[in-house]
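Okay, structure first, notes after.
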Amino acid sequence: MIDNSLQSPESSKAKTILKLLQGCNSLKKLRKIHAFVITNGLQHHPAISTKLLHFCAVSVSGSLPYAVLLFRHHILNPQTDDWNSIIRGFSQSPNPLKAIFYYNDMVLAADKNFDCRPDSYTFSFLLRASERTKAERKCREVHGSIIRRGYEADVVVCTNLVKSYCGNGLVETARKVFDEMPVKDLVSWNSMILCYSQAGFHHEALRTYDLMRNENVGVDGFTLVGLLSSCAHVGAQNIGVEMHRMACKREFLRNVFVGNALINMYAKCGNLDAARSVFDSMIKRDVLTWNSMVVGYGGHGLGKEAIEFFEKMLMAGFHPNSITFLGLLCGCNHQGLVEEGVEYFHRMTSKYNIKPGIKHYGCLVDLFGRAGKLEKALEVIKNCPSQHDPVLWRTLLSSCKIHKNVEMGEIAMRSLVQVGASNAGDCILLASIYQGVNNVDGVARMRKMIKSWGIRTTPGWSWIEVADQVHKFVVDDKSHPHTNEIYNKLREVIHVLSQLGYVEEGFWGTSTSSYHSEKLAIAFGIARTPEGTCLRIVKNLRVCGDCHSFTKFVSKAFNREIVVRDRVRFHHFKGGLCSCNDYW
DNA sequence: ATAGGGTTAG
């Protein structure tokens with residue numbers, strides 16, 4: 001029957017239809033073609049129905065419901081290709097679970113019909129579906145099927161498997177699959193690196209690159225983007241510079257993704273000049289390029305520059321998005337540009353139709369709070385759609401600490417308790433507010449609260465990059481292989497500083513014998529880098545008053561520029577002063 | 001005929 005139809009005059013019609021399908025770019029045209037197919041009795045012509053199905057299921061101008069219709073009624077005996085089309089269609093649809101259902105049907109059908117066994121393509125689509133459904137059990141099931149059907153050596157299938165496990169939060173399992181792959185190509189390596197980077201395992205990402213280098217699979221733009229993102233997160237500028245060199249050598253600089261990632265890396269490592277020069281050298285830019293600069297300046301507390309770039313961005317014809325405004329507002333915050341910040345906050349909605357998110361409200365609360373307009377800050381929280389968010393109250397609480405406002409601090413604390421989100425950090429904040437006004441009872445109450453809850457604060461850590469190695473320290477860290485050297489150096493540094501007037505501040509006025517992680521990192525940096533080298537520290541919490549003062553003294557006494565990136569912003573220490581003007 | 005990879009904020 002098939003052969004007959006190809007021999008008959010209808011075969012020329014079939015050819016026409018296939019050609020029409022190739023140029024089809026809308027559902028409307030598709031319906032016309034389909035009508036033509038039916039009037040000519042060609043709906044069961046295998047080449048045509050398969051092509052039609054593929055188009056409907058996969059093409060952007062196709063239609064998945066239409067594909068289902070074709071699959072059910074026109075394709076009498078679906079083959080692997082047909083199943084693949086429908087599974088692929090659903091795997092990228094809003095309902096990826098259906099892809100898995102179709103796969104189950106396919107397996108049943110394959111018991112009777114040899115022509116519709118799943119192949120490596122099927123598994124690629126299926127894995128994408130199981131990644132998107134966020135069902136780790138499904139992912140494991142699919143893994144089982146892959147092994148049973150003998151595809152565990154297929155590079156593409158395994159790369160998808162790695163991605164799928166990672167997407168489901170099973171990074172270790174993904175790594176195991178990756179390690180067991182008999183053949184790994186450039187894409188597999190890139191995927192593994194990107195997975196780590198996206199999961200926040202930045203050191204693993206960088207370590208994986210070290211392994212990759214020995215494998216002769218090369219490097220491309222994708223590799224660099226993943227690695228640069230991790231460099232940015234851990235503040236590894238030396239490695240980032242190495243990537244930059246590589247990008248220049250291989251002409252990856254035309255690649256917008258690479259350029260953006262470079263700007264971000266330099267900005268996050270505290271080197272805005274380098275970020276700027278990458279920006280200037282880029283031939284093509286997009287919103288992310290501009291955002292990276294605005295966010296870069298904003299994060300450094302350079303509100304004026306952030307605004308300047310924002311205005312340039314508009315003139316260049318780019319549309320700002322919610323991230324642009326986050327950078328802009330952040331810059332206004334740290335420079336105390338209250339009027340400007342408020343103005344941009346309103347313009348965000350009125351002119352650009354961007355709904356402010358919780359972060360934007362947080363910026364506004366911070367903007368008022370930092371500037372001492374605590375009533376205004378409170379008003380913002382009360383008028384905000386998500387006024388039960390602990391982050392906003394916590395922001396207000398820290399503003400109260402800056403301005404030593406007990407009453408407002410208690411309001412913020414009460415709200416935190418009310419929404420059931422108060423933690424030890426909040427108690428410490430309020431305690432230091434009490435401490436500031438010599439309210440002994442208050443301090444004691446907070447101490448008791450922390451004790452009775454038995455909650456511990458987030459452990460702090462600091463990173464420093466010395467000679468292409470990132471070293472991590474926690475409070476009173478003794479795990480570093482050169483602990484003795486570091487502690488000796490630190491004691492020596494403190495001795496030098498104390499002769500210049502530095503006094504160690506204890507927690508709540510008590511003397512303390514503990515060393516915060518950044519002190520250890522700085523001591524290590526001084527011990528291990530040549531004089532004059534800039535030290536770059538990244539830490540997960542805010543800088544405390546004592547460490548801030550310590551770092552200022554170090555920058556002067558040891559003639560070092562020190563860049564500290566804390567959870568919120570950058571501090572550039574130089575000659576005994578900090579770029580934040582002691583306001584952070 | 002049909003496959004796998006991308007950066008900001010959090």
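The basis for the numbers below is simple: all heavy atoms, side chains too, and nothing from hydrogens, waters or symmetry mates. First the proteins, then the strands, lettered A, B, ... as listed; each starts at 1. Note that this is a predicted model, so its numbers are computed, not measured.
The environment of NZ in A:K176 is sparse: at most 12 heavy-atom neighbours from other residues, nucleotides or ligands sit within 6.0 Å.
We find that CG of A:L194 is positioned 15 Å from P of B:dG4, with the value rounded to whole Å. Here B:dT8 presents its P atom at 6 Å from NE2 of A:H233, a figure rounded to the nearest Å. With rounding to whole Å, A:I323 atom CD1 is found 8 Å from B:dA9 atom P. For the pair A:F222 CZ and B:dG4 P, the interatomic distance rounds to 12 Å; values are reported in whole Å. Atom CG of A:D220 and atom P of B:dG4 are 16 Å apart (whole Å). Atom-to-atom, NZ of A:K359 to P of B:dA9 comes out at 12 Å; the value is rounded to the nearest Å. Here B:dT7 presents its C1' atom at 9 Å from CG of A:N255, a figure rounded to the nearest Å. Note: CE (A:M282) to C1' (B:dT7) measures 10 Å, nearest angstrom.
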List the atom pairs, donor and acceptor, that lie under 3.5 Å between side-chain atoms in residues 310-322 of chain A and the rest of the protein, sequence neighbours left out.
| residue | atom | partner | partner atom | Å |
| --- | --- | --- | --- | --- |
| A:E311 | OE2 | A:Y344 | OH | 2.8 |
| A:N321 | OD1 | A:N291 | ND2 | 3.1 |
| A:N321 | OD1 | A:I323 | N | 3.0 |
| A:N321 | OD1 | A:T324 | N | 3.2 |
| A:N321 | OD1 | A:T324 | OG1 | 3.1 |

Output a table of donor-acceptor pairs, distance under 3.5 Å, between side-chain atoms of residues 147-161 of chain A and any protein atom two or more places apart or on a different chain; print 'none' if there are none.
| residue | atom | partner | partner atom | Å |
| --- | --- | --- | --- | --- |
| A:R148 | NH2 | A:S145 | OG | 3.4 |
| A:D154 | OD1 | A:V156 | N | 2.9 |
| A:D154 | OD1 | A:V157 | N | 3.0 |
| A:T159 | OG1 | A:V155 | O | 2.7 |
| A:T159 | OG1 | A:S188 | OG | 3.4 |
| A:N160 | ND2 | A:S124 | OG | 3.3 |
| A:N160 | ND2 | A:V156 | O | 3.4 |

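The closest side-chain donor-acceptor pair between A:N264 and A:S292, if any, does not fall under 3.5 angstrom.
Closest contact between the side chain of A:N264 and the listed nucleotides B:dG4, B:dA3, B:dA9 involves B:dA9. Taking the side chain of A:L326 as heavy atoms from C-beta on, and the options B:dG4, B:dT8, B:dA9, the nearest nucleotide is B:dA9. In the set B:dT7, B:dT2, B:dG4, the nucleotide with an atom closest to the side chain of A:H54 is B:dT2. Each of B:dG6, B:dT8, B:dG10 was ranked by its minimum atom distance to the side chain of A:V258; first place goes to B:dG6. Closest contact between the side chain of A:V225 and the listed nucleotides B:dA3, B:dA9, B:dG6 involves B:dG6. In this structure, the nucleotide among B:dT2, B:dT8, B:dT7 sitting nearest to the side chain of A:K268 is B:dT8.
Within the 4.0 Å cut-off from OP1 or OP2 of B:dG4, at least one side-chain nitrogen or oxygen of A:R128 is found. Here A:S188 does not reach the OP1 or OP2 of B:dG4: none of its side-chain N or O atoms lies under 4.0 Å away.
Taking the six-membered ring where tryptophan is involved, the planes of A:F71 and A:Y102 are perpendicular, since the angle between them exceeds 60° and thus also 30°.
Applying a 4.0 Å cut-off to non-hydrogen atoms, the residues of residues 283-294 of chain A that approach DNA chain B are A:L288, A:N291, listed by residue number.
Aromatic rings from A:F90 and A:F101 are positioned such that their centres are separated by 6.0 Å or more.
Within 4.0 Å (heavy atoms only), A:G221 reaches at least one base atom of the nucleic acid. Residue-level contact check: A:E131 touches neither bases nor backbone, having no heavy atom under 4.0 Å from any strand. At a threshold of 4.0 angstrom between heavy atoms, the contacts of A:S120 include nucleobase atoms, whether or not backbone atoms are also involved. Here A:V162 lies out of heavy-atom contact (under 4.0 Å) with every strand. Residue-level contact check: A:D82 touches neither bases nor backbone, having no heavy atom under 4.0 Å from any strand.
Salt bridge status for A:E343 with A:R347: present, with a side-chain N to carboxylate O gap under 4.0 Å. Looking at A:R207 and A:D210, no side-chain N of the basic residue comes within less than 4.0 Å of a carboxylate O on the acidic one, giving no salt bridge.
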